[in-house]
Amino acid sequence: MSIRQYLPHGPLGFGTAPLGNMFRDIPEDEALATVEAAWDAGTRYFDTAPLYGAGLSEIRLGKALAKHKREDYVLSTKVGRVILDEIDPDQKLGQAGQLFAAGLPNKVVNDYSEKGTMLSIEGSLKRLGVDHIDFVWVHDVAQDFYRDEWLAMFESARKGAFVALDRLRDEGVIKGWGLGVNKTEPVEILLGLDAPRPDATLLAGRYTLLDHAHALQRLMPAAAARGVDIVVGGPYSSGILAGGKHFEYAEASPEIVARVEKIKATAARFDVPIKAAALQFSLANPAVAAVIPGASKPERIREDHAALNTAIPADFWVHMREQGLVSPDAPLPIDR
């Protein structure tokens, strides 16, 4: 089912990777206060994953949401990694090993099989303390995590996780499923399959104000044509569009920094908060159903909601297009 129909409170969700101690060791009270700030601001869609701090994000999110009725919010998590009870301080998780260095020390096992998918969901339900999950994304079956083996991992997921999730959706256990990736190619392959059929997909970092041209070539038109919703993760491009130094979860290159400075200069000229431009750009594409920026402080949540509701002059978007700072094919808020 379309995720869009389950978001009556609006398209702005909360991506909770930071709650897994992404980049830094976040105090427990700060993490819980951030979730509560999201709720108070009107957020009702929360996304998490077992990989985020080896279960820490799910535990913290579940604890924060326990005071609210389960039917009052939409929840998505991911499969493909199973968190074990045993400790493995030397585990290697690709780039995630550095991202969540301050997470829990539990061993994480990659498993995209049907059995592994069911075990992953069972573990997520326990950590979150809920009786059901709404949407499930198959996590990271892409080049950035598996390099030359990514197609083999995708095939494993096709025969395992996709089948299991399709069945759970048809049985009404979950509302829908798709991929949760940072690359466009896996989604393009998924959209080309006759069966099983995804309902939506979480695409992180690939449809942002800073990086969107490649996704516009095939993925976004195909998703719109197939009626598969796109949830945009990482709308601030790992933080560099929100005052940070990271792009693609690493320190940004001089070329990226230079492009961001041009965007910032244009935003300053028209007195437009760059967060507002970033969120509203992603949501202007008709294929996009929601955007889920991450946050680890309550004030960041409030900034996100203010950004979504900021009025941006049409001249800003015209200038951005004229200066080549957005693709000429990119739908803009003024095109609606």
Side-chain angles (χ1 to χ4, degrees), residues 12-24 26 34 47 52 94-102 140 142-145 180-184 202-216 230-285 288 290-297 299-308 310 312 316-317 319-321 323-327 330 332:
L12 182 58
F14 178 20
T16 67
L19 301 188
N21 284 348
M22 187 178 188
F23 296 128
R24 68 184 181 94
I26 301 169
T34 302
D47 176 76
Y52 301 159
Q95 63 184 40
Q98 290 73 49
L99 293 181
F100 300 103
D140 290 330
Q143 307 94 304
D144 51 339
F145 272 88
V181 292
N182 305 312
K183 299 293 183 181
T184 62
L202 170 53
L203 180 66
R206 296 286 74 79
Y207 197 76
T208 72
L209 188 63
L210 182 60
D211 185 358
H212 56 270
H214 184 68
L216 278 170
I230 299 295
V231 174
V232 171
Y236 304 136
S237 291
S238 298
I240 196 166
L241 287 177
K245 298 180 179 180
H246 292 96
F247 174 72
E248 287 287 83
Y249 309 108
E251 188 169 341
S253 68
E255 292 79 14
I256 291 295
V257 171
R259 185 170 180 83
V260 171
E261 289 304 314
K262 290 180 181 179
I263 295 173
K264 285 182 177 179
T266 301
R269 174 181 171 182
F270 290 91
D271 195 25
V272 172
I274 195 167
K275 276 191 167 185
L279 292 184
Q280 294 184 37
F281 171 82
S282 293
L283 287 168
N285 192 298
V288 175
V291 62
I292 52 169
S296 60
K297 295 180 179 180
E299 55 265 33
R300 300 290 181 259
I301 294 288
R302 291 187 280 270
E303 289 175 5
D304 293 337
H305 280 265
L308 185 66
T310 296
I312 298 179
F316 166 78
W317 294 115
H319 190 78
M320 288 285 284
R321 185 173 270 165
Q323 295 300 307
L325 295 175
V326 294
S327 169
L332 299 177

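Owing to the predicted nature of the structure, the values given are computational and were not obtained by experimental measurement.
- Residue Ser282 comes nearest to Pro235 through the heavy atom pair OG-CB, 4.4 Å, listed as atom of the first residue, atom of the second, then distance.
- Considering CG of Asp304 and CD1 of Ile292, their distance stands at 11.5 Å, rounded to 0.5 Å.
- Closest heavy-atom contact between Asp140 and Val181: N-CG1, 3.9 Å.
- Between Phe270 and Phe316, the ring planes lie perpendicular to each other; the angle is over 60°, past the 30° to 60° tilted range.
- Here the closest heavy-atom approach between residue Ala17 and residue Tyr52 is recorded as CA-CD1, 3.5 Å.
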- Message: Applying side chain to side chain contact (heavy atoms under 4.5 Å, CB included) to Asn285 and Val232, what does each step give before you reach the verdict?
- Response: CA-CA 10 Å; Asn285 192 298; Val232 171; over 6 Å; no
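- The two atoms that bring Ala330 and Arg321 nearest to each other are O-NH2, 2.9 Å, heavy atoms only.
- Annotation: side chain of Pro273 is not in contact with side chain of Glu303 (no heavy-atom distance under 4.5 Å).
- How far CD of Glu248 is from OG of Ser253: 10.5 Å, rounded to the nearest 0.5 Å.
- Counting only distance, with no hydrogens or angles, the side chain of Ser238 and the backbone of Gly234 share no donor-acceptor pair below 3.5 Å.
- Side-chain contact between Ile230 and Tyr207: absent, with no pair of heavy atoms (C-beta onward) separated by less than 4.5 Å.
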- Derivation and outcome, side chain to side chain contact (heavy atoms under 4.5 Å, CB included), residues Lys275 and Arg300: CA-CA 10 Å; Lys275 276 191 167 185; Arg300 300 290 181 259; 4.0 Å; yes
- Message: For Leu209 and Tyr236: C-alpha separation, side-chain torsions, deciding distance, then whether side chain to side chain contact (heavy atoms under 4.5 Å, CB included) applies.
- Response: CA-CA 8 Å; Leu209 188 63; Tyr236 304 136; over 6 Å; no
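- Side-chain atoms of Thr184 never come within 3.5 Å of backbone atoms of Ala215 as a donor-acceptor pair (strictly under, hydrogens ignored).
- Note: Leu241 CG to Phe247 CZ = 9.0 Å, rounded to the nearest 0.5 Å.
- Here the closest heavy-atom approach between residue Asp144 and residue Asn182 is recorded as OD2-ND2, 2.8 Å.
- Counting only distance, with no hydrogens or angles, the side chain of Thr16 and the backbone of Asp47 share a donor-acceptor pair below 3.5 Å.
- Note that CD of Gln280 is 6.5 Å distant from CH2 of Trp317, once rounded to the nearest 0.5 Å.
- When all heavy atoms are compared, the tightest approach of Pro293 to Leu12 is CD-CD1, 3.6 Å.
- The distance from the CZ atom of Phe281 to the OG atom of Ser327 is 7.5 Å, given to the nearest 0.5 Å.
- The CZ atom of Arg302 sits 9.0 Å away from atom OG1 of Thr34, with the distance rounded to the nearest 0.5 Å.
- Side-chain N or O atoms of Arg206 include none that pairs as donor or acceptor with a backbone N or O of Gly233 at under 3.5 Å.
- Checking side-chain atoms of Gln323 against main-chain N and O of Ile263 turns up no donor-acceptor pair under 3.5 Å.
- Remark: the backbone N or O of Ile26 is paired with a side-chain donor or acceptor of Asn21 at under 3.5 angstrom.
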